Structures are given as C-alpha cells and as structure tokens.
Number of protein chains: 2
Amino acid sequence: MYKQFDKNYVAVDCIIFGFHEGRIKLLLIKRDFEPHRGAWSLMGGFVGRDESVDKAASRILEELTGLKDIFLEQLYAYGDLDRDAAARVISIAYYALINIDHYEEKPGAKWFAFDEIPTLVFDHNIMVQKALRRLKRKTIIQPIGFELLPEKFTLTQLQSLYEAIHQQSLDKRNFRKNILSMHVLERLNEKDKNNSKRGAFLYKFDKEKYDAMVEKGNSFEFK
Amino acid sequence: MYKQFDKNYVAVDCIIFGFHEGRIKLLLIKRDFEPHRGAWSLMGGFVGRDESVDKAASRILEELTGLKDIFLEQLYAYGDLDRDAAARVISIAYYALINIDHYEEKPGAKWFAFDEIPTLVFDHNIMVQKALRRLKRKTIIQPIGFELLPEKFTLTQLQSLYEAIHQQSLDKRNFRKNILSMHVLERLNEKDKNNSKRGAFLYKFDKEKYDAMVEKGNSFEFK
DNA sequence: TCAAAAGTGTTCAGCGTACACCCATGT
DNA sequence: ACATGGGTGTACGCTGAACACTTTTGA
C-alpha cells in the first residue's frame, strides 16, 4: 500500500535549554560528520522506521545528555527542499528544558548563552529563535520554567529565571505576590545560604497544588 | 550520504475551516481509496521527494478547494508508529481558513458544523481538536479571523464569528468598542441590507492600519 | 558595625465588564 | 404603526504597576 508514493528522510533536532548563573543557555554540539564537519549544530538524528517521532526525539536527547523523562515538546516541522545540504531531509524540531546540574559534560558538546550562539548549520538558528519565542510564551501560561531549576530553589532564583527568559527585570514585590498568589509553590523549612548571610527560604513546585488550581478553573498566568 | 538511515512516508493533512450562518465549519472528504474507503477524513496527501512540505500542503488544499493563496499554517507533526493502519506514515497537519463563499462544491467533500463531525479515520479527530484550540488562541492575538469572512462584512457578522469560534456570547457594545479601538478596520460607505431594514455598515480589514499599529508597538489583542 | 541579600504593603490609574435605550427603515 | 436588527455611553470594581524600607547575619 502507498507504494507509488515517495519516502523521505525524517530527522529530529533538539533545542536544549538550560539555566545557569542567571542566564538561559543552549546545548550545542560540534558535528563530527559530513556535511559541515566541525560546525556547531543542534543535536539531531534520523527517525527510524520502527520508532515514533516522539521516541526518536527522546532517544536523541538521551544520547546527548544521558537524561530521561525530561520536558520535551515538539516545536515545528521544517520541510524546505534544500534545508540540508546533503540530501532532502524533513526535520521535526523539539525543545527540551533541563536542569543543568543533572547534565554531565559530554565531549563535543557545549553550553552557549544566547548572546554567544554561533552560526549553526542549515536552518538551526531559525529553529532556536522559534524555540525561544515558544519558551517565552509558554512560561507565561504554564509552569514549565521550573524544569530549568533544581528541585529546590529560592524565589530570587525563580525571579532571575523569569527575568532571563523574558529579558526584562521585574519588581521583586510584584513578582513574589504574583507567583505566591497562584498557590503552586510549597515553602520548605530550609534555607539556602549560598547567596546571603541571612539565607533565603527554599521552595519547590507542587504539581498537586497546580493540578488542584487548574481543576478549580483558575489558570497559571504570569504577568 | 545518509544512506544508512531509514526513509519514511511523510503526508500532509489539512484541517479546513469555514464560517457559514453563524457556525464554524470543517471541510471533510469521503475516502475513495483503501484503507477505510468510504470513511470521512481530512483532506491529505503525500509529500513528494521534490516539493517542500509547505508546498505539499498548499497543493493538497488547492486540489480540494480550487483555492490558492489562502491562510495556511502548520499545526503539528503526528508521528506515532501505528497512526495509519496501512503503513508507517508521519503526517504533518496544517490548518486553513477559507472564505466559504469562494469554495465551489466538490464531489465527495462536505462541510460539517462542529457538533456534527463524524468519527474520522486514524488520528484525524485529534488533529481537529488541536486545530480548534489553535484557532481559538490565534484569533485572540492575531487578526486571522477575517480570513473566514467575505472581504466586506458587518460588525454583527464579525461578532458572530468570534462568538462561534470561542463558543460564548459577547456584549455588543464591548465588542464594538474593543475591535474599533484597534483601528484595523475601515468603514465603507456601503450598507448591507440583507439582515435588517436599516442596513448595517460594511467594514473591511485594513492590513496597512494593522501593520502600522504593530509598528507602533501596540498589539492586536481580543478580549 | 557594616555590607549584602531577603523579605514585606499600599496606592493609583486604567481597563475589562456589566448594563438599556433610541434609531432607521421596509412591510 | 410596528417589528427587526443597528448603533451608542457610563459607572464600577479589580488588577497590574509603581514604589522604599526593615530584617537578618556572617565577616
């Protein structure tokens, strides 16, 4: 069936976001194969005949980061004829949010802050721009930003994350009022003294509270 | 190059929206080929080796509707292994907004209102649900709803469109205040007397005004 | 005691929302 | 004259946004 139709190479490319020292970062690899050997690139790979596209994306992500079960969402399918120099390849881009502390250095891979991103192969820079726009939009209406933080974090860290994503500084009081009024955080009886003598309370995201909030018809909306 | 990797069938499916008599409608076809001959389905087709995915989508849309240059946007790529009963097919879904008056009846195709949509083949019902959510979201922040209306329309028609898309009734005064305050409509010196004796002013969407508004840093936001 | 980050309330303006009546015209 | 859809303004409450000082504690 369908024998009269063409088949195509289908690839997956992953935009991998992290957060470190107040900046959003991107994990890139140096290609060690042709074409464009030695150029910086997103992590990618081909979709096999016997794996779903989602599965291919998580496989590729795991190959690079060693991490499983992390936030991974489809971004967009890129299908122009000449987007890959070597052959006609349709690429389905995914973006992932990882806790940078869990990542173990891999040879050939490197984290780049946004203002340091080099020219990437093919249409990868375009993918990155789209992923960033998606991240900005999504973090406003869904609590996915937490994926980029350690499990326990301070409100200052959280604010710094939102400031980095949206590239604007926020008022501390308004930020706290806003996020706390959603009742999706649990304050722990633990303080982080790394950044101050006084110490800041640690919080964690409480998925049950979030689900309860959504159930009640309220919505996460960051402003 | 890439010879060691698998190729896959890649298809495109189109969710085609229209608006008629106060209701959002969907254009579906009765399949005249296996598998599932005779079942209702989205319009679809395979992506050829020598056409871009976007091009395939507009080709397929034109095959069914005869229409070119209409609003067509990628929705999502569906890549589960068993989504098509006959073979492993990755499908990239697109949604289109058409002015239903421009459409000429095709054999085998039929418009369905949302509460009349039959069970469709494969994962097409899921695609439709996603397309509807996208349409709801997009029409709030971008002036794409106009694609579903004739070039000239009354404010009552426009309100009826938004009510249909968002499945809620709106206050007439607030609606008009809101849409007119964006300054993206041009009022014509022409009235539509089809629905009232008094006649209602016709308007058209003014892309230049819209671009100017965006340029000024304001944003289309319907509430 | 001082430096550095943590934590905390109030005020105001603008906007979203609710709401009801007159107008124009064809039959 | 009357029925039908077209068109218009105001008042109020809520929420987003601006804004500064005290607390804690290690060095």
Side-chain angles (χ1 to χ4, degrees), chain A residues 21-22 136-137 139-141 149-150 152-164 166-204 213 216-223, chain B residues 21-22 136-137 139-141 149-150 152-164 166-204 213 216-223:
Chain A
E21 292 176 345
K136 284 188 190 184
R137 185 164 54 71
T139 48
I140 291 173
I141 55 173
L149 291 174
K152 301 173 181 180
F153 50 85
T154 67
L155 292 183
T156 303
Q157 280 177 287
L158 184 59
Q159 179 175 347
S160 154
L161 171 67
Y162 272 86
E163 289 178 331
H166 295 101
Q167 291 158 309
Q168 60 173 303
S169 61
L170 300 170
D171 179 86
K172 185 164 51 156
R173 280 166 292 188
N174 290 340
F175 179 84
R176 286 166 184 240
K177 217 183 316 168
N178 191 186
I179 195 79
L180 292 175
S181 72
M182 294 188 210
H183 303 292
V184 298
L185 297 185
E186 183 190 352
R187 194 179 85 171
L188 306 175
N189 283 323
E190 231 177 308
K191 288 197 166 187
D192 170 15
K193 296 209 166 187
N194 292 321
N195 297 301
S196 76
K197 291 143 188 179
R198 180 177 176 178
F201 275 107
L202 287 164
Y203 288 77
K204 61 180 188 185
M213 188 199 73
K216 269 181 29 193
N218 296 322
S219 61
F220 187 92
E221 186 166 343
F222 203 85
K223 245 306 154 56
Chain B
E21 292 176 345
K136 282 187 190 185
R137 184 164 55 69
T139 48
I140 290 173
I141 56 174
L149 291 174
K152 301 173 182 181
F153 50 85
T154 67
L155 292 182
T156 304
Q157 279 177 287
L158 184 60
Q159 179 174 349
S160 155
L161 171 68
Y162 272 85
E163 289 178 331
H166 295 100
Q167 291 158 308
Q168 60 173 303
S169 60
L170 301 169
D171 179 85
K172 185 165 49 159
R173 278 167 295 187
N174 292 340
F175 178 84
R176 285 165 185 240
K177 215 185 315 170
N178 192 186
I179 195 78
L180 291 175
S181 74
M182 295 188 211
H183 304 292
V184 298
L185 297 185
E186 181 189 351
R187 194 178 86 172
L188 306 175
N189 282 322
E190 233 179 306
K191 288 196 166 190
D192 169 15
K193 295 209 167 187
N194 293 320
N195 297 302
S196 75
K197 290 146 189 175
R198 180 176 174 178
F201 274 107
L202 287 165
Y203 287 76
K204 60 181 188 184
M213 188 199 72
K216 267 180 31 191
N218 296 322
S219 62
F220 187 93
E221 185 165 345
F222 204 86
K223 244 305 152 57

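Atom set for the values below is all heavy atoms of this structure, side chains included, hydrogens, waters and symmetry mates excluded. Here the structure is a predicted model, which is why all the values come from computation and not from measurement. In what follows, chains are A, B, ... by sequence order, proteins preceding strands, each numbered from 1.
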Evaluation steps, side-chain contact (heavy atoms from CB on, under 4.5 Å), between B:Leu185 and B:Leu155: CA-CA 10 Å; B:Leu185 297 185; B:Leu155 292 182; 3.8 Å; yes

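- Looking at A:Tyr203 and A:Leu158, their side chains never come closer than 4.5 Å, going by heavy atoms from C-beta outward.
- Per the geometry, CG belonging to A:Asn194 stands 11 Å off P belonging to C:dA6, to the nearest Å.
- For C:dA4, the base has no donor-acceptor partner in the side chain of A:Asn195 [N/O atoms by modelled type, under 3.5 angstrom].
- In this entry the distance linking CZ of B:Phe175 with P of D:dG6 reads 13 Å, nearest Å.
- In this structure, CG of B:Leu180 is placed 12 Å from P of D:dG9, rounded to the nearest angstrom.
- Considering only the side chain of A:Arg173, D:dC19 comes nearest among D:dC19, C:dA18, D:dT25.
- Here the C1' atom of nucleotide D:dG16 and the CD atom of B:Glu221 are 13 Å apart, to the nearest Å.
- Taking only distance into account, the side chain of A:Arg198 meets the base of C:dA6 through a donor-acceptor pair shorter than 3.5 Å.
- Here the closest heavy-atom approach between residue A:Ile140 and residue A:His166 is recorded as CG1-NE2, 3.6 Å.
- Take the nearest nucleotide of DNA chain D for A:Ser196 and for B:Tyr203: the residue whose nucleotide is more 5' is B:Tyr203.
- Nearest-nucleotide mapping onto DNA chain D: of B:Lys172 and A:Lys197, the residue sitting toward the 5' end is B:Lys172.
- Under 3.5 Å, the side chain of B:Lys191 and the base of C:dT25 form no donor-acceptor pair of N or O atoms.
- Each of B:Asn178 and B:Lys193 has a nearest nucleotide on DNA chain C; the 5'-most of these lies closest to B:Asn178.
- One can place CG of B:Leu170 at 10 Å from P of C:dT17, the figure rounded to the nearest angstrom.
- For A:Gln159 and C:dG7, the CD to P distance is 12 Å, given to the nearest whole Å.
- Within the 4.5 Å cutoff, no side-chain heavy atoms of A:His183 are placed close to those of A:Lys216.
- Remark: P of D:dG16 and CZ of A:Phe222 are 11 Å apart, rounded to the nearest angstrom.
- Rounding to the nearest 0.5 Å places NZ of A:Lys193 at 10.5 Å from CZ of A:Arg198.
- Here A:Thr154 lies out of heavy-atom contact (under 4.0 Å) with every strand.
- OP1 or OP2 of C:dG7 has at least one side-chain nitrogen or oxygen of A:Arg176 nearer than 4.0 Å.
- Where B:Lys177 and A:Leu155 meet DNA chain C, the nucleotide closest to each residue was compared, and A:Leu155 sits on the side nearer the 5' end.
- The distance between atom CG of B:Leu202 and atom C1' of D:dG7, rounded to the nearest whole Å, is 15 Å.
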